[in-house]
Protein chains: 2
Amino acid sequence: MMSEPRADVHNSDMPVLCQACEARHRGVCGALSGTELLQLSSKASRREVVPGTELAADAELTSSYANILSGVVKLTKILADGRQQIVGLQFAPDFLGRPFKATSETNAESATTVRLCTFPRAVIDRMISETPELERRLLQQTLNELDEARGWMVTLGRKTAAEKVASFLYLIATHINPESESATNVSFELPLTRADIADFLGLTIETVSRQMTKLRKADVISIENNRHVTVPDLERLAHRASI
Amino acid sequence: MMSEPRADVHNSDMPVLCQACEARHRGVCGALSGTELLQLSSKASRREVVPGTELAADAELTSSYANILSGVVKLTKILADGRQQIVGLQFAPDFLGRPFKATSETNAESATTVRLCTFPRAVIDRMISETPELERRLLQQTLNELDEARGWMVTLGRKTAAEKVASFLYLIATHINPESESATNVSFELPLTRADIADFLGLTIETVSRQMTKLRKADVISIENNRHVTVPDLERLAHRASI
DNA sequence: TGGCTCACTTGACCCAGATCAATGCCACTG
DNA sequence: CAGTGGCATTGATCTGGGTCAAGTGAGCCA
């Protein structure tokens with residue numbers, strides 16, 4: 001029993017039914033036609049992983065691409081002595097996987113429970129070269145990731161600890177609840193542990209904790225069970241993040 | 001009088017003659033065929049700018065794309081209170097310009113004297129949609145820039161001042177002299193002022209200066225006229241950068 | 001039910017790098 | 001050729017965030 005689709009979803013980002021994933025989603029695959037999707041369906045498989053699963057190492061992403069159906073994936077880099085930096089967070093419906101040869105080593109790891117729809121690399125590579133619109137989407141997503149990475153460089157290089165934490169919370173708030181750009185009483189689960197947040201912000205666990213406490217005591221946010229955050233006034237948080 | 005091309009240059013990165021620029025260069029335009037290049041030539045123009053020229057603001061890059069023929073361009077972001085961060089450096093023969101709508105504000109400014117070959121935006125946009133190989137190259141370059149940005153995030157978030165400066169010098173050494181990955185007596189002009197280096201590394205001018213002095217006194221580098229750097233043993237520098 | 005572990009918080013102290021301030025060193029220019 | 005202004009270096013001091021260490025609290029398993 002399908003309801004009539006609203007007119008405003010008839011744009012290029014319109015969700016399509018991915019047979020393989022048995023789920024509607026936007027993202028790169030939205031560029032494929034019905035027959036192409038059908039073709040892809042037979043090769044795709046669905047998978048759910050627990051938090052902390054290496055996605056790059058277990059041949060998941062070296063031989064495959066994947067759509068994130070739900071959850072958060074962290075992209076990390078590590079120095080020889082163990083210092084770690086999270087260089088990106090991927091949310092649904094982002095596309096995971098690096099076309100061409102990468103010039104640097106990055107690991108992908110699930111931060112939360114993650115549901116993936118994975119495709120064999122060869123199939124997608126062929127589709128990319130055959131479907132200009134797919135390549136266009138991929139370029140689009142890559143440019144967005146580049147913008148995000150460069151935006152985050154400002155946070156890493158020039159913001160104080162307080163601003164970093166506020167920026168992080170603002171980032172999560174807007175990504176978990178995309179519609180709430182400047183809403184009141186936004187509420188969400190933090191997809192990252194304090195250690196992950198520290199690795200994302202270039203801080204230590206202790207500093208992250210202290211700054212969260214500060215925000216809590218200043219009534220900018222409230223926290224339950226360490227992970228559930230409520231932001232009464234997102235505008236105010238954004239201001240602290242000095243966006 | 002053409003000499004027989006060597007076999008090993010017959011790859012996809014083969015330099016092509018860009019009529020417009022009256023210069024051979026690699027890069028994104030290398031994907032274009034002879035007729036396409038000729039077509040582009042009539043629309044392209046060559047330009048040389050002094051250091052410190054805004055390239056995004058003067059309608060250079062909002063209405064155009066450009067190939068960098070020589071020199072270094074810095075991509076910067078600025079916070080409301082004036083704090084600045086350089087989020088990328090572009091060297092010849094990089095392609096300058098952002099397809100689609102950008103999700104964040106970035107400024108492009110020449111760090112050195114820069115020679116550009118600029119194209120009207122509309123012409124390139126059409127060529128991109130008509131020439132899959134061109135779009136492929138663009139995706140390729142964008143992915144490389146993404147890798148670089150993410151690599152630099154580790155430097156910004158997790159390295160010490162000493163490591164940051166060493167990483168910077170290593171980056172410049174390898175980009176100015178691409179062939180010298182691990183050579184001896186590498187020598188080059190720094191394309192950035194101390195202030196720019198500080199903005200790239202998320203440090204202050206003073207800290208950059210002190211770290212350079214330290215490297216000089218440790219005989220890792222030698223400096224003439226503030227800008228000319230010689231690295232007797234690049235391997236040793238790379239080690240200090242803890243690449 | 002009691003002891004573990006894991007994630008987080010809090011406190012005390014310290015240091016790398018920021019800040020403030022002075023000086024040096026050209027290259028211009030009037 | 002003194003005067004000026006843009007860069008860079010160097011020194012003295014301060015402080016934000018790191019380090020080390022202890023404590024809390026919620027599961028979870030035996």
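Defined by atom type and a distance below 3.5 Å, a donor-acceptor pair is present between the side-chain atoms of K159(B) and S167(B). With no hydrogens or angles considered, no side-chain donor-acceptor pair links T155(B) and K164(B) at under 3.5 Å. The closest side-chain donor-acceptor pair between R115(A) and S70(A) falls under 3.5 angstrom. There is no side-chain donor-acceptor pair under 3.5 Å between K74(A) and S110(A).
Of the residues in residues 219-226 of chain B, those lying under 4.0 Å from DNA chain D by heavy-atom distance are N226(B).
Residue T193(B) has no polar side-chain atom (N or O) positioned under 4.0 Å from OP1 or OP2 of dC7(D). A close approach under 4.0 Å does not occur between any side-chain nitrogen or oxygen of T204(A) and OP1 or OP2 of dT19(D). Phosphate proximity of dT9(D) to R194(B): present, with a side-chain N or O under 4.0 Å from OP1 or OP2. Under 4.0 angstrom from either OP1 or OP2 of dT10(C) there lies no side-chain N or O belonging to S209(A). Close to dG11(C), at under 4.0 Å from its OP1 or OP2, lies no side-chain N or O of R210(A).
Between atom CG of residue N67(A) and atom CG of residue L69(A) there is a gap of 6.5 Å, rounded to the nearest 0.5 Å.
In the set dC20(D), dG17(D), dA21(C), dG17(D) carries the atom at the smallest distance from any side-chain atom of T207(A).
Projected onto DNA chain C by closest heavy-atom contact, R158(A) and T213(A) fall at different nucleotides, the more 5' of which corresponds to T213(A).
Contacts of G202(B) with the nucleic acid, taken as non-hydrogen atoms under 4.0 Å apart, involve only primed sugar atoms and P, OP1 or OP2.
F200(B) and F168(B) have perpendicular rings, their planes meeting at more than 60° on a 0 to 90° scale where under 30° would count as parallel.
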